[in-house]
Amino acid sequence: MKVILPIAGLAVVIGLWWLATIVFSIERYLVPSPKDVFDAYVAQQGFLLDQAGVTLLETIQGFVLALAAGVPIALLIVWSKILERMIYPLLLAVNAVPKIAIAPILVVWLGFDMLPKVIMVFLVCFFPIVISTASGMKSTPAELVELLRSMDCSRWQEFFKLRLRYAMPQVFVGMKVAISLAVIGAVIGEFVGAKAGLGYVIVQSGASADTSLAFAAMALLAVMSIVLFYGLVMLEKILLPWAEGD
């Protein structure tokens with residue numbers, strides 16, 4: 001049922017979409033039918049998969065970079081009240097800035113290659129990873145902390161043997177939120193300035209009114225997001241089987 005129900009829901013949406021294009025006689029250049037989108041994908045399958053590979057690489061690189069930076073920053077926030085008061089306002093300020101406003105500046109600074117898109121993904125993913133990790137570490141039961149301290153454990157042992165392990169379910173929550181946003185970050189970067197990627201395909205298709213190709217690119221983005229999200233879900237089940245019932 002876990003597989004059948006999502007497939008059934010997707011079939012219903014596609015059926016309603018197809019019916020709407022027939023009943024309302026919507027022009028193909030406005031809203032293509034599912035068949036038009038499928039035909040566009042088949043006709044340009046190699047090209048679309050190549051562009052999907054570019055977007056996927058940008059997404060994964062930016063996400064891994066955010067994870068590598070976000071967890072240590074969260075550790076510093078929990079470690080020291082002074083650092084927390086110093087860092088939190090900066091995090092909120094950076095997160096409050098619309099990322100679409102930063103994208104053109106990144107293009108000016110870094111050019112049209114992959115790096116600006118990776119940085120954009122990093123900026124989108126960084127905040128949820130830091131906040132979820134810090135919240136998870138702070139939620140460690142006080143009695144467990146006191147028990148560890150009574151055994152003369154060091155502060156580092158407290159953080160890495162207790163707090164970080166206790167926070168892992170929350171860390172995965174942040175990672176799943178971040179990976180859902182990561183693809184969006186990559187596409188934002190590609191919209192503003194790119195020479196490849198699915199976002200670039202969508203912009204070029206829109207300019208030439210080839211909406212079937214644009215919809216095919218968007219469908220690939222949706223598939224990519226779903227695969228990445230459920231990949232993390234499976235990784236969580238493998239690494240944290242004890243958290244399954246939480």
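With a 6.0 Å radius and a threshold of 12 heavy atoms from other residues, nucleotides or ligands, Leu90 has its CG atom above the threshold. Around the CZ atom of Phe38, the shell of radius 6.0 Å holds no more than 12 heavy atoms that belong to other residues, nucleotides or ligands.
Take Leu92 and apply the side-chain contact (heavy atoms from CB on, under 4.5 Å) test, not counting sequence neighbours, and it matches Phe127. Partners of Phe63 by ring-ring contact (aromatic ring centres under 6.0 Å, His included), not counting sequence neighbours: none found. The side-chain contact (heavy atoms from CB on, under 4.5 Å) test applied to Leu57 returns Gln61, Met114, not counting sequence neighbours. Applying the ring-ring contact (aromatic ring centres under 6.0 Å, His included) criterion to Phe215, with sequence neighbours excluded, gives Trp17. Under the side-chain contact (heavy atoms from CB on, under 4.5 Å) criterion, Ser132 pairs with no residue, sequence neighbours left out.
Judged by distance alone, the side chain of Gln170 and the main-chain N or O of Gly136 form no donor-acceptor pair under 3.5 Å. A side-chain donor-acceptor contact under 3.5 Å links Thr55 to the backbone of Leu198. Of the possible polar contacts, none joining the Ser80 side chain to the Leu76 backbone as a donor-acceptor pair under 3.5 Å is found.
Sorted by first and then second residue, the salt bridge (charged side-chain N to carboxylate O under 4.0 Å, His left out) pairs with a member in residues 96-117 read Asp113-Lys195; sequence neighbours excluded. Listed by first and then second residue, the ring-ring contact (aromatic ring centres under 6.0 Å, His included) pairs that reach into residues 94-123 are Phe122-Phe126, sequence neighbours excluded. Listed by first and then second residue, the salt bridge (charged side-chain N to carboxylate O under 4.0 Å, His left out) pairs that reach into residues 39-62 are Lys35-Asp39, sequence neighbours excluded. Pairs engaging residues 82-98 under the salt bridge (charged side-chain N to carboxylate O under 4.0 Å, His left out) rule: Lys81-Glu84, Glu84-Lys138 [sequence neighbours left out]. For residues 72-95, every residue pair satisfying the ring-ring contact (aromatic ring centres under 6.0 Å, His included) rule, not counting sequence neighbours, is listed here: Trp79-Trp156, Trp79-Phe159.
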Carefully, step by step, assess Tyr166 and Met137 under the rule side chain to side chain contact (heavy atoms under 4.5 Å, CB included).
CA-CA 7 Å; Tyr166 194 87; Met137 295 179 76; over 6 Å; no
For Tyr200 and Val54: C-alpha separation, side-chain torsions, deciding distance, then whether side chain to side chain contact (heavy atoms under 4.5 Å, CB included) applies.
CA-CA 10 Å; Tyr200 170 78; Val54 173; over 6 Å; no
Can you check side chain to side chain contact (heavy atoms under 4.5 Å, CB included) on Ile60 and Val121, steps first, answer last?
CA-CA 9 Å; Ile60 292 176; Val121 174; over 6 Å; no
Worked check of side chain to side chain contact (heavy atoms under 4.5 Å, CB included) between Thr133 and Ile77
CA-CA 10 Å; Thr133 303; Ile77 288 173; over 6 Å; no
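For the pairing with Ser33, the side chain to side chain contact (heavy atoms under 4.5 Å, CB included) check across Leu19, Ile14, Thr21 returns one residue only, Thr21.
Closest of all the heavy-atom pairs between Ala52 and Leu220 is CB-CD1, 4.4 Å. Shortest non-hydrogen contact noted between Gly111 and Pro116 is O-CG, 3.1 Å. Between Ala182 and Thr59, the shortest heavy-atom contact is CB-CG2, 3.5 Å. Across every non-hydrogen atom of Thr211 and Pro32, the tightest pair is OG1-CD, 3.7 Å.
The hydrophobic cluster containing Val223, built from Ile/Leu/Val/Met/Phe/Trp/Tyr side-chain heavy atoms closer than 4.5 Å, also comprises Val227. Clustering of Ile, Leu, Val, Met, Phe, Trp and Tyr side chains at separations under 4.5 Å places Trp18 together with Ile22.
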